[in-house]
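Below is one structure; the comments refer to it alone.
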Amino acid sequence: MLLRERALKILDQAESMNKLHDFLVRLDSELATMLDELNEATEENAVEVCRSVAERLDAYYQEL
């Protein structure tokens with residue numbers, strides 16, 4: 001029984017690690033997009049771009 005419980009715990013940990021990995025992959029891609037948007041921002045749309053980036057970063061923080 002102890003071996004079975006240990007195996008289930010390891011499987012749960014592996015599932016958690018996979019979810020974290022998937023989250024980090026999505027975050028990495030989104031950060032690259034955000035950086036591109038910030039680099040391409042003009043004086044006319046800088047505030048809007050910064051707000052958009054801040055909102056998306058907040059959404060990722062909330063998900064974490």
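Residue indices begin at 1 and follow the sequence shown. None of the values given here were measured: they were computed from a predicted structure.
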Margin query: Rounded to the nearest 0.5 Å, what separates atom CD in Glu40 from atom CG in Asn45?
Written below: 9.5 Å
Next item on the list: Report yes or no: does Asp22 contribute a side-chain atom to a donor-acceptor pair with the main-chain N or O of Lys19 at less than 3.5 Å?
Entry: no
Check: Just one of Leu2, Leu8, Ile10 clears the side chain to side chain contact (heavy atoms under 4.5 Å, CB included) bar with Arg6, so which one?
Finding: Ile10
Check: Can you name the closest pair of heavy atoms from Ala46 and Ala41 and give their distance?
Finding: CA-CB, 4.2 Å
Check: Under 3.5 Å, is there a donor-acceptor pair between the Asp36 and Thr33 side chains?
Finding: no
Next item on the list: Determine yes or no for a side-chain-to-main-chain donor-acceptor pair under 3.5 angstrom, with Ser16 supplying the side chain and Asp12 the backbone.
Entry: yes
Note to self: I need the single residue from Gln62, Glu55, Arg56 that forms a side chain to side chain contact (heavy atoms under 4.5 Å, CB included) with Asp58. Which is it?
What the structure shows: Gln62
Item checked: For the student: nearest non-hydrogen atoms of Met34 and Val53, plus distance -> SD-CG1, 3.7 Å
Next item on the list: Verify the cluster assignment for Leu27 and Leu64: are they in a single hydrophobic cluster under the rule of side-chain heavy atoms below 4.5 Å apart?
Entry: yes
Note to self: Can you give me the closest heavy-atom contact between Arg26 and Tyr60, atom names plus distance?
What the structure shows: O-OH, 3.7 Å
Notebook entry, point to check: How long is the gap from CG on Leu24 to CE on Met17, to the nearest 0.5 Å?
Noted result: 9.0 Å
Note to self: Looking at Glu48, I want to see if its CD is surrounded by more than 12 non-hydrogen atoms of other residues, nucleotides or ligands under 6.0 Å.
What the structure shows: no
Item checked: Test item: Asn39 side-chain N/O and Leu35 main-chain N/O as donor-acceptor pair under 3.5 Å -> yes
